[in-house]
Structures are given as C-alpha cells and as structure tokens.
Trainee: 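The structure is given below, and queries will be raised subsequently.
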Amino acid sequence: MRERAPSGALASTVEVTSTTVQCGDVIQVGGRACRVSNLFQLPHGAKQLLFESGELLTMHTRTRLVAVRMLRRR
C-alpha cells in the first residue's frame, strides 16, 4: 500500500525485523505512532530502537512489526 505524503514523498507500509528496521521508520506502539531516531546493535542480532519521544524498544531476531516508511521520489 502506497500513499502520497504531503511533501511529495511516498509512504509505504512494510514489515520490519531487527535486520531491516531503519531510522525514520514509524512504528505504532500501544496506539501511538513512534518514529525511530536511532538504533543500537545488541548481542545475538537484536536491536534497541530509540524513538524521538525518548522511549526504547528492544527488537529480538524473531520480532516482526509493521512500520510506515517514507520513500523519496527520484
């Protein structure tokens, strides 16, 4: 599913894992949309996500989440 964003970028819904999550992804946690501002690699392939709100979320290797990713137009 792709939708037009106001700035001319495309918003795409993607499934993310600890290996594919990126800074800028928007993940809904507890009914709130949280944008990933930084990622930290943890042992055994896990990652700790730092959201713009200052909250942390740990994604293990088997964690699967749905995120909205902004794609730039070329």
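Since the structure is predicted, the reported quantities are computational estimates derived from the model, not experimental observations.
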Trainee: Show me the donor-acceptor pairs within less than 3.5 Å that the side chains of residues 56-67 make with the rest of the protein, sequence neighbours left out.
Mentor:
| from | atom 1 | to | atom 2 | distance (Å) |
| --- | --- | --- | --- | --- |
| Thr63 | OG1 | His60 | N | 3.0 |
| Thr63 | OG1 | His60 | O | 3.4 |

Trainee: Could you measure the distance from the OG atom of Ser12 to the CZ atom of Arg69? Nearest 0.5 Å is fine.
Mentor: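 That separation rounds to 8.0 Å.
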Trainee: Listed by chain and number, what are the side chain to side chain donor-acceptor pair (under 3.5 Å) partners of Glu55, not counting sequence neighbours?
Mentor: Ser53
Trainee: Of the non-hydrogen atoms in Met70 and Ala11, which two are nearest, and what is the gap between them?
Mentor: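 Minimum heavy-atom contact is SD-CB, 3.7 Å.
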Trainee: Of the non-hydrogen atoms in Cys34 and Phe51, which two are nearest, and what is the gap between them?
Mentor: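 Closest approach of Cys34 to Phe51, heavy atoms only: CB-CD2, 3.4 Å.
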Trainee: Donor-acceptor pairs under 3.5 angstrom involving side-chain atoms of residues 14-22: please list them, not counting sequence neighbours.
Mentor:
| from | atom 1 | to | atom 2 | distance (Å) |
| --- | --- | --- | --- | --- |
| Thr17 | OG1 | Thr19 | N | 3.3 |
| Thr17 | OG1 | Thr19 | OG1 | 3.0 |
| Thr17 | OG1 | Thr20 | N | 3.4 |
| Thr17 | OG1 | Thr20 | OG1 | 3.3 |
| Ser18 | OG | Gly45 | O | 3.0 |
| Thr20 | OG1 | Thr17 | N | 2.8 |

Trainee: State the CG-CG distance between Leu50 and Leu39, to the nearest 0.5 angstrom.
Mentor: 9.0 Å
